[in-house]
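Heavy atoms only: backbone and side chains are in, while hydrogens, waters and symmetry mates are out.
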Amino acid sequence: MTKEEQISKIVVEQLKTSELKEKYLNLLNFRIDENRKFLNILLTIMVLTVFAFPLIVETKISEISIGPFKLKDNLFAISIIPSIFAYCYYKYAAMWIELIEQKFISKNLTSKIFSINETSYLNERLKPFSFADHIIYHSAQVKSRKLGCFLGLFWIPTVIGLVLFPFLFEYYTVKILYLKIGLNKVLDWVFFLTPIITGVFTILIYFQAGQKLDEIRKKENEKTIS
């Protein structure tokens, strides 16, 4: 049973009336908006740390402020930023997976409330706008094989680069942390191992995401053929 079929079964069994479906959809859309706002906050923090860390290493920044928090000790900033970045990236990946699940449910609910096909044009237009979803949808609609290959050659390396860059940055920060501070104390080991372990968990999240996306692609292909 695919993910879409599992969600459809849950909706039918637990949200039996149109009123319940509409109430749940309203709450779900609110949660989707909240999660997207939090994703933007996490992304902002990651971008700031990417630009700030090299400057701190070169002592071009004497103080870094994140909201009410201020880091004036360069060595402590070098120690803590790898963990902050790794955690934000882990949280971003985890919430992205959650957002995929929520959009699955939203898509299924709207199709049942309005009695339309899940992949129909009308149902696609009801989804909250997402740039990634927009690109995936329109790429799937391309009829020309040559154009489809061209889009694939453009977007696949872009996506891979966006996914891999944070891991490369994590490696860079941990390497700098080791070279600048070393592993002389227990706390040094904590700062050194925390981003590494967090990065491993992030990789596991992306592995799960890859399985989900492959399932979606196979399902969409089956529907297109039928």
Side-chain angles (χ1 to χ4, degrees), residues 1-4 6-7 10 28 31-54 56-57 64 66-67 69 71 75-106 130-133 136 155-218:
M1 184 181 291
T2 66
K3 191 67 180 179
E4 286 183 341
Q6 291 174 354
I7 290 172
I10 292 171
L28 183 63
R31 290 298 304 159
I32 289 174
D33 288 339
E34 290 296 307
N35 284 343
R36 281 183 168 161
K37 289 176 184 176
F38 192 66
L39 286 177
N40 289 334
I41 293 173
L42 292 172
L43 184 60
T44 301
I45 294 173
M46 288 190 289
V47 170
L48 289 175
T49 53
V50 166
F51 284 103
F53 188 78
I56 292 173
V57 171
I64 181 171
I66 302 176
F69 302 101
L71 297 177
L75 288 179
F76 181 72
I78 291 171
S79 299
I80 197 69
I81 283 178
S83 296
I84 291 174
F85 182 88
Y87 174 76
C88 286
Y89 190 45
Y90 166 79
K91 189 71 175 177
Y92 189 96
M95 290 195 70
W96 180 60
I97 298 296
E98 178 68 19
L99 203 57
I100 290 176
E101 297 277 349
Q102 290 174 332
K103 287 189 288 188
F104 264 130
I105 299 171
S106 175
S130 165
F131 181 73
D133 290 343
I136 293 171
W155 285 112
I156 290 174
T158 302
V159 172
I160 291 174
L162 290 173
V163 170
L164 289 181
F165 174 77
F167 290 112
L168 295 175
F169 182 74
E170 287 179 21
Y171 169 77
Y172 162 71
T173 58
V174 170
K175 181 181 177 181
I176 294 296
L177 170 62
Y178 174 75
L179 293 175
K180 288 281 186 179
I181 298 175
L183 301 173
N184 303 312
K185 303 175 183 177
V186 174
L187 193 58
D188 295 337
W189 277 98
V190 172
F191 284 135
F192 179 76
L193 291 176
T194 298
I196 295 174
I197 295 171
T198 307
V200 171
F201 281 109
T202 307
I203 291 172
L204 293 176
I205 287 176
Y206 274 118
F207 178 74
Q208 294 175 345
Q211 290 181 318
K212 290 178 185 293
L213 290 174
D214 186 57
E215 185 179 287
I216 295 170
R217 181 184 58 80
K218 290 179 180 179

If I compare all heavy atoms of [X] with all of [Y], which pair ends up nearest, and what's the gap?
{"X": "Thr202", "Y": "Ala86", "result": "OG1-O, 4.4 Å"}
{"X": "Ser106", "Y": "Ile32", "result": "CB-CD1, 4.3 Å"}
{"X": "Phe167", "Y": "Val163", "result": "CD1-O, 3.3 Å"}
{"X": "Pro54", "Y": "Thr49", "result": "CD-O, 4.4 Å"}
{"X": "Asp188", "Y": "Gly182", "result": "CB-O, 3.5 Å"}
{"X": "Cys88", "Y": "Met46", "result": "CB-CG, 3.7 Å"}

How many angstroms lie between atom [atom1] of [X] and atom [atom2] of [Y], to the nearest 0.5 angstrom?
{"X": "Ile181", "Y": "Leu75", "atom1": "CD1", "atom2": "CG", "answer": "5.0 Å"}
{"X": "Ile176", "Y": "Ile78", "atom1": "CD1", "atom2": "CD1", "answer": "8.0 Å"}
{"X": "Arg31", "Y": "Leu99", "atom1": "CZ", "atom2": "CG", "answer": "10.5 Å"}
{"X": "Leu43", "Y": "Tyr92", "atom1": "CG", "atom2": "OH", "answer": "5.0 Å"}
{"X": "Asn184", "Y": "Trp189", "atom1": "CG", "atom2": "CH2", "answer": "10.0 Å"}
{"X": "Lys91", "Y": "Thr198", "atom1": "NZ", "atom2": "OG1", "answer": "12.5 Å"}

**Report entry** Enclosure of Phe169 CZ (heavy-atom neighbours >12, cutoff 6.0 Å)
**Finding:** yes
Query raised in the report: Side chains of Asn35 and Gln102: do they bring a donor and an acceptor to under 3.5 Å?
Result: yes
Query raised in the report: Where does the angle between the aromatic ring planes of Tyr206 and Tyr89 fall among parallel (under 30°), tilted (30 to 60°) and perpendicular (over 60°)?
Result: tilted
**Report entry** Qualifying residue for side-chain contact (heavy atoms from CB on, under 4.5 Å) with Pro82, from Tyr87, Phe191, Phe53
**Finding:**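 With Pro82 as partner, side-chain contact (heavy atoms from CB on, under 4.5 Å) holds for just one option, Phe53.
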Query raised in the report: Is there side-chain contact between Ile100 and Phe104, with at least one heavy-atom pair below 4.5 Å?
Result: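 Sidechains of Phe104 and Ile100: in contact.
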